[in-house]
Amino acid sequence: MREATRYFLTTAIDYPNSRPHIGTAFEKIGADVQARFRRMEGYAVHFLMGNDENTIKVSQRAEELRIEPKPYVDEMARQFRKVWAALEISCDDFIQTSEPRHHVGCQKFLQAVSDAGDIYKKAYTGLYCTGCEAFKTEKELVDGRCPNHPNTPLRAVQEENYFFRLSAFGDRLLAHYRANPEFIQPESRRNEILNLVESGLQDISITRKGFSWGIPVPFDPEQTIYVWFDALLNYITAIGYGTDEARFRSLWPADVHVIGKDITRFHCALWPAMLMSAGLPLPRRVFGHGFVYNKGAKISKSAGTAIDPMDVFRIHGADAFRYYFMRECPFNGDGNFSEERFAEVYNADLANNLGNLYSRTLSMCIKYFDGRLEGSSAIEPDAWLAGLDLSALVADLREKIGDFEYHVALQRIWLEVLGAANRYIDATAPFRLAKTDLAACKVVLVNLAEALRVIAILIKPFLPRTAEIFYRAFNFEQSQGWDRVGNGDVPARPAVPDWHVTAALVGGKPAPLFPKIEVKGPDA
RNA sequence: UGCGCCGUGGAGCAGCGGUUAGCUCGCCAGGCUCAUAACCUGGAGGUCGUAGGUUCGAUUCCUGCCGGCGCAACCA
């Protein structure tokens, strides 16, 4: 068997200061859709996520809780993974930057960059706010004070740090952007970075002195590696850089880093420069997705606008949650979340359209044929398409999903495929044929069963649970197991002789997949 | 201030150099009854923020302005 093409994708690693909110969930879902889609296309996907743990805040928080940092980050990682699992995020690996594999790889990398002559030591003088435990720039100050801690005087602190010669990489970065237009996506992010790098880069301090929680600098144990330099390296340390070179070589470079638009500069300027210095290939693509706002307001923990994803999908299910964000919030731009809008989208697209199509199809099969469509193999189920060209549609969806244009892909599926099925029922009226022409009625139902199968495949990356329920509504697995079903199976009618309903029934009827959300009226 | 984004029928969003500007919700009128009071058809409603420019032609490209927002480099 031919070795499948590898596809390595990553998300940003998260600060484990607090639980994930819907904004971080948005990113993971978007990446997961890509991972699932690529698997369906036959790629050997490696999907990496993780937590960013070597930060001052983590050690402070652990201290507040009177526990050691390591048990603290382990517990947070457990909670994060639990949320991601509940959201059906299909990552293959989850790295914590406190793990030995990361420490080893980081030190090796830093040494490599140092050997390349891109690291030097320099005294840095700055105003330090003890309230924030951070340096402040002149621009940030309000009346010479830290805006967050106006009563705490700033201290002038001088510290010797190691610097990375980022400024030396400007021309090479620009050359790379020009030679690889798809390196930074979407276009607006690319323009931003082009602008930034053209205006000149400054060297960046990459170590801190006096912190015990973090990765020691190999050639100066008094210093630890600063979080940004350290965090980016997770993409290579997780796959064996410094610990398993063969594996590293088989997976690197990454096909895409999925990140938030706020950290594009680190991924598109600093990160490639680091890799160039160490003599490693650059990732093929960086995709900076937009943000999710809470009714137009920025998601902020302090302002109380953060929403816990669990609150939403605990009630309505992970698939509904995933659908909302993928359909409603363009991945290359910003979107909004509100309970009202969620209920609207859920009821219209999932309950009335998708779920109801499932219900009415199965109900008729059960009611008129006791669930058995005998002789189905003699029927060519393409009437329901009414001229819709499925292979052209799939080709277009490949392009759209490959470019992270999920909202467009979903709109097409709903408008054209679900629409075709619902219109077909209306046009043929199988409920009427059941009284006059059972054979004709069966033809319609075989068509509808086929429609459910096609829909199952098309929505598989987005709504994995629902897709599986659709596929398993009939005995299609006798010809192809669900786990192996891919986009190539859309036009391939299953060679199963007598299609029959295998769906779970409640009281002889299919249970509603997406029970409608009762919308509260203004006086409720 | 610099950079970026947004301003499209009542609401929320797509779209994008070119046939009658789409979708969802809401509203109105029909049809249907298999289904989660769901589904299907049709209708009302927009001079695509504003003033100019480029073009045979702009909602779509450029510039100014108005309004909203995000980011501004050791700050995630």
Side-chain angles (χ1 to χ4, degrees), chain A residues 12-15 17 52 55 57 124 126 129 132 134-137 139-140 148 159 161 163-164 166 188-189 191-197 199-208 226-229 231 259-267 269-270 290-291 293 295-298 327-330 333-336 338 340-341 343-345 347-368 405 407-408 410-412 414-415 418-419 421-434 441 444-445 448 509-517 519:
Chain A
I13 53 176
D14 298 304
Y15 260 172
N17 294 336
D52 186 4
T55 73
K57 287 238 169 81
Y124 175 74
C129 171
C132 299
F135 285 104
K136 296 281 153 179
T137 61
K139 279 186 186 172
E140 280 179 297
N148 300 330
E159 187 174 296
N161 290 139
F163 279 72
F164 172 59
L166 179 61
S188 51
R189 299 280 87 76
N191 293 337
E192 221 170 298
I193 296 300
L194 235 64
N195 226 292
L196 171 82
V197 178
S199 71
L201 295 165
Q202 284 176 22
D203 290 350
I204 151 176
S205 148
I206 56 163
T207 68
R208 284 295 120 92
Y226 176 64
V227 56
W228 254 118
F229 202 83
I259 56 157
K261 65 178 183 180
D262 55 330
I263 53 175
T264 357
R265 62 181 51 207
F266 296 103
H267 284 78
L270 174 59
F291 284 158
Y293 296 90
K295 294 174 193 167
K298 195 184 174 181
R327 173 66 187 86
E328 195 60 16
C329 309
D334 297 339
N336 270 293
S338 74
E340 296 78 19
R341 184 64 187 151
E344 195 177 305
V345 170
N347 283 341
D349 291 359
L350 298 179
N352 295 349
N353 226 309
L354 186 68
N356 186 49
L357 175 65
Y358 175 87
S359 290
R360 60 199 308 213
T361 298
L362 293 186
S363 293
M364 286 190 279
C365 288
I366 294 160
K367 199 176 243 180
Y368 307 139
E405 294 191 70
H407 63 296
V408 182
L410 286 171
Q411 183 173 29
R412 276 207 75 173
W414 254 251
L415 232 47
L418 300 196
N422 275 323
R423 263 176 262 129
Y424 177 68
I425 297 178
D426 196 68
T428 55
F431 37 84
R432 211 177 296 153
L433 291 172
C441 180
V444 172
L445 293 181
L448 290 175
K509 290 171 62 178
L513 263 28
F514 298 99
K516 279 191 95 162
I517 299 173
V519 181

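First the proteins, then the strands, lettered A, B, ... as listed; each starts at 1.
- Among the atoms of the strands shown, none is found under 4.0 Å from any heavy atom of A:Trp414.
- If you check every strand for non-hydrogen atoms under 4.0 Å, A:Pro330 touches sugar and phosphate atoms only.
- Residue A:Tyr358 is classed as having no contact, given no heavy-atom separation below 4.0 Å to the nucleic acid.
- Between A:Trp228 and A:His267, the angle of the ring planes goes over 60°, which puts this pair in the perpendicular group of the 30/60° scheme.
- With B:C40, B:U33, B:A76 as the choices, the nucleotide that has an atom nearest any side-chain atom of A:Trp228 turns out to be B:A76.
- Residue A:Ala348 is in sugar-phosphate contact alone, with no base atom involved, counting any heavy-atom pair closer than 4.0 Å across all strands shown.
- Note on A:Lys509: a side-chain N or O is less than 4.0 Å away from OP1 or OP2 of B:U36.
- Here A:Phe514 lies in heavy-atom contact (under 4.0 Å) with a base.
- Residue-level contact check: A:Gly419 touches neither bases nor backbone, having no heavy atom under 4.0 Å from any strand.
- Taking every heavy atom of both residues into account, A:Ile206 and A:Phe229 meet most closely at CG2-CD1, 3.4 Å.
- One can place CG of A:Asn336 at 14 Å from C1' of B:G7, the figure rounded to the nearest angstrom.
- A:Pro510 and A:Ser359 make their closest contact through CG-O, 3.9 Å (heavy atoms, listed as atom of the first residue, atom of the second, distance).
- Counting non-hydrogen atoms under 4.0 angstrom, A:Ile206 reaches nothing in the nucleic acid.
- Nearest heavy atom pair, residue A:Asp334 against residue A:Gly290, reads OD1-CA, 3.3 Å.
- Using a 4.0 Å cut-off, some side-chain N or O of A:Arg432 falls inside it from OP1 or OP2 of B:U33.
- The gap from the C1' atom of B:A44 to that of B:G30 amounts to 15 Å, rounded to the nearest Å.
- Backbone-only engagement by A:Asn422 is indicated by non-hydrogen atom pairs under 4.0 Å involving sugar-phosphate atoms exclusively.
- No engagement by A:Asp203 is indicated, since no non-hydrogen atom pair under 4.0 Å with the nucleic acid exists.
- At the heavy-atom level, A:Ser363 lies under 4.0 Å from the strands shown only through sugar-phosphate atoms.
- Among the atoms of the strands shown, base atoms are found under 4.0 Å from some heavy atom of A:Leu196.
- The backbone N or O of A:Ile517 lies less than 3.5 Å from a partner atom in the side chain of A:Asn347, making a donor-acceptor pair.
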